[in-house]
Amino acid sequence: MKTLKQKIVLFSKIGAVLLVMFLACAYFFRNTLLEQIIAKTTVKATTEYDCDFTIKKAAFEGLSGVELSEIILTPKNADTLFNIQKIKTTVNFWHLFLGEVQLGTLEINNGYVQLTQKGTVKNFAAFLKKDNSETTTNDKRNYASLAYKIITRVLNLIPTDMDVHNLIFKLDDNGKKAKIDIKKLILVNKELETAIDVQTNTFSQRWKIKGLADPRNKKVDIRIFNIDSGAIKLPYFDERYNLISSFDSIQLNIQNIEKSSGEFHLDGFASITNLKINHPKIARQDVVIKNARFDYRFLFGSNFLSIDSSSTVQLNKIKLHPYLAYETEEDTIYKLKVNIPKMKAQDFVSSLPQGLFTHFEGMEADGNFDYHLNFKFNQNKPDQLVFDSNLKKEKLRITKYGEANLNKLNSEFTYRAIIKDILQRPILVGSANPNYVTLDQISPYLQKCVLTSEDPSFFNHRGFINEAFKQSILKNIRTKKFSRGASTISMQLVKNVFLTREKTLSRKLEEILLVYLLENNRIASKERMLEVYFNIIEWGPDVYGISEASQFYFQKKPIDLTLNECLYLARIIPSPSKFMYQFDGAGKLKNYALKQEQFLQNLMLRRGLLTPEDTIGQANNFSISGRARDFLKFKVIDSTATDSIPISQKTNNN
């Protein structure tokens, strides 16, 4: 009887012999296999992608090396997609034996890859088409397994040693061009070294990427910076999207990639210094972030994707912990949580991105605060939306205002509206202006109508209405666009007095912060805010304030306005410059406008703001009598139509 040790030795010898035989067969037939692979790829390129794919020469080098020359892929009736003169690579045999492709070394010399669009013709269009051969399935994806599989495949295609020279990436989008010329890209002993020239229609630069790249151990730590002085500019985006952006350097670090206990983990950090962005939808000037860093921990499970709450986003001195999740176990659920731990208020103010909060520059604050946001949206149960925003203050106070001095509301000041970047005439907000009226000089009907239509809980909220935000979010999600806001009178007041009407991210963020400061620091009373609001808002073409509006439409003082007149004035606040289109050729309100006013009146009756006696004697319609009447288009009545006696009859009668 043979011992266990002898059996192991025997099986080892047999296995070695079989392996040698397999390698010999593979070596003998490898050229045939390579030719078959190339032929199959060529046929697929022609039949499925309508492209010509050619390789002038393909040969093995050693046991696992392959050398290819003049590899060209050209779509029919479009520009060549790529043309590479020489590629040499080695493949890990054992991984290939297991059905995986893992590159060992890679050399590329002289070639280009280009994406072009000329008119509507894209040279890459065929590769964007959905593969109809893919079968659909009702089985849920396992996100952890899928992510690990994809990332592992990508890392396997990154060689441990690289030597790339003169490889050019070109982009031509109907004349908007960018060229990234990799003069040198060398990876040796896990150290990456590059020299890259970038050329566009607007600038040219030299970049360098340097650091650690270890694809087999799944670790990366690289930095991108400009060889010459100055910041790195992003190519193409300035011409294509009017987005001008630059940065001094970017660092990308991947510390850990693993799959355990059914979950996929990806850990690391990314940082950027002196990021500068300029876009008309963001702000009117450059937005600068000096230092930003994201320490991330991505978690993927069988039925969820998430950014773990242990992740940290740092923006200058501001640190916050985000939690973002997409879950599909039973319903499709989106979750967002933001936690800003206790921090000094002054650190927050000084860390706001330069150019994004211009009205806060120079502001100083004392005290501390922490903030928590909880958002949850169930796609299958939208009415159960959760939106909780909570800020806790600790001796928080403003000691010095920036450009927007909120105390201005408590004194006499001059207001000038800005419409389409043009300053309108000055309006003095104070008793020195004969058109200025206090709240007790304004019809109670008008106060009730405006509050009902614009902000029913004005005297109770602190600038924001959570329920209104929820409904706004729901509608915007359903329509897949920003179709509804949640503006309060406080927000309208801040927007009018301190900000412009520009539709930028900067203005909206400033509006939110200014409203919070105004309302939560009790800088002005609610009555004073409402009084200023009534005296400055636009109520027609070059008509500002309720005193001017009362004269413009009805030749009355604000205190003498009737209920119907107040319903009308409250209803046109959203679009006052278009009031004339609500009237017909006889100068009467159109039917849809009457229905809107009836709805507002009924709403006030249900809420007890009006009594049935208030509506007695109110006409169903009315006519405007002031200068506003000159803006209406009246139908010209044909006077001949009023004479019903035919001319022939008149003649006979004579």
Side-chain angles (χ1 to χ4, degrees), residues 87-90 92 102-109 111 113 147-148 150-169 178-199 203-237 245-258 264-277 289-298 307 310-316:
I87 295 179
K88 288 178 66 176
T89 186
T90 59
N92 186 298
Q102 187 181 86
L103 299 184
T105 62
L106 177 65
E107 292 181 31
I108 299 178
N109 287 301
V113 178
Y148 186 73
I150 291 173
I151 290 180
T152 300
R153 283 183 177 179
V154 171
L155 290 174
N156 281 339
L157 292 175
I158 299 175
T160 53
D161 293 278
M162 270 193 293
D163 189 351
V164 178
H165 286 84
N166 300 322
L167 179 62
I168 302 173
F169 290 89
K179 182 173 74 171
I180 300 176
D181 186 356
I182 301 176
K183 297 291 186 182
K184 176 183 70 173
L185 189 155
I186 298 174
L187 177 60
V188 179
N189 296 325
K190 303 176 185 178
E191 288 294 324
L192 182 66
E193 182 76 24
T194 67
I196 302 172
D197 288 356
V198 179
Q199 181 75 46
F203 69 87
S204 61
Q205 288 187 323
R206 295 188 301 163
W207 298 354
K208 177 170 280 191
I209 304 175
K210 191 173 183 179
L212 168 73
D214 186 2
R216 297 302 162 260
N217 291 312
K218 301 180 176 67
K219 295 184 183 298
V220 173
D221 189 7
I222 58 175
R223 194 165 68 93
I224 307 171
F225 55 94
N226 193 1
I227 295 177
D228 305 315
S229 60
I232 284 183
K233 298 178 181 179
L234 288 185
Y236 176 67
F237 287 90
S245 55
S246 64
F247 57 88
D248 284 355
S249 67
I250 285 181
Q251 185 175 3
L252 175 63
N253 178 285
I254 299 176
Q255 298 171 348
N256 178 50
I257 297 175
E258 67 173 355
F264 169 72
H265 305 255
L266 175 61
D267 307 289
F269 70 85
S271 65
I272 190 168
T273 58
N274 286 327
L275 172 64
K276 183 185 292 185
I277 298 174
I289 301 174
K290 292 182 179 179
N291 292 287
R293 176 172 168 137
F294 179 29
D295 290 86
Y296 57 82
R297 180 172 177 79
F298 293 100
I307 298 175
S310 61
S311 303
T312 302
V313 174
Q314 183 168 352
L315 187 68
N316 298 326

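- Applying the side-chain hydrogen bond (donor to acceptor under 3.5 Å, both in side chains) rule to Asp214 yields the partners Lys190, Asn217; only residues at least two apart in sequence or on another chain are considered.
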Residues Ile232, Ile250; criterion side chain to side chain contact (heavy atoms under 4.5 Å, CB included); working and verdict: CA-CA 10 Å; Ile232 284 183; Ile250 285 181; over 6 Å; no

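- Counting only distance, with no hydrogens or angles, the side chain of Lys290 and the backbone of Asn274 share no donor-acceptor pair below 3.5 Å.
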Derivation and outcome, side chain to side chain contact (heavy atoms under 4.5 Å, CB included), residues Asp197 and Lys183: CA-CA 7 Å; Asp197 288 356; Lys183 297 291 186 182; 3.3 Å; yes

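- Classification of the Phe298-Tyr296 ring pair by plane angle, with boundaries at 30° and 60°, yields tilted.
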Solution key, residues 159-169 side-chain donor-acceptor pairs under 3.5 Å, sequence neighbours excluded:
| residue | atom | partner | partner atom | Å |
| --- | --- | --- | --- | --- |
| Thr160 | OG1 | Gly104 | O | 2.8 |
| Asp163 | OD1 | His165 | ND1 | 2.8 |
| Asn166 | ND2 | Asn110 | OD1 | 3.2 |

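- Side-chain atoms of Asp221 and Gln251 form a donor-acceptor pair, as typed in the model, at a separation below 3.5 Å.
- In this view, Glu191 satisfies the side-chain hydrogen bond (donor to acceptor under 3.5 Å, both in side chains) rule with no residue, not counting sequence neighbours.
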Stepwise side chain to side chain contact (heavy atoms under 4.5 Å, CB included) check, Ile254 with Leu266: CA-CA 8 Å; Ile254 299 176; Leu266 175 61; 3.8 Å; yes

CA sep, side-chain torsions, deciding dist, call: Phe247, Ile289, side chain to side chain contact (heavy atoms under 4.5 Å, CB included): CA-CA 9 Å; Phe247 57 88; Ile289 301 174; over 6 Å; no

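- Counting non-hydrogen atoms of other residues, nucleotides and ligands closer than 6.0 Å to CG of Asp228 gives a total above 12.
- Classification of Asp295 and Arg293 as a salt-bridged pair holds, one side-chain N sitting under 4.0 Å from a carboxylate O.
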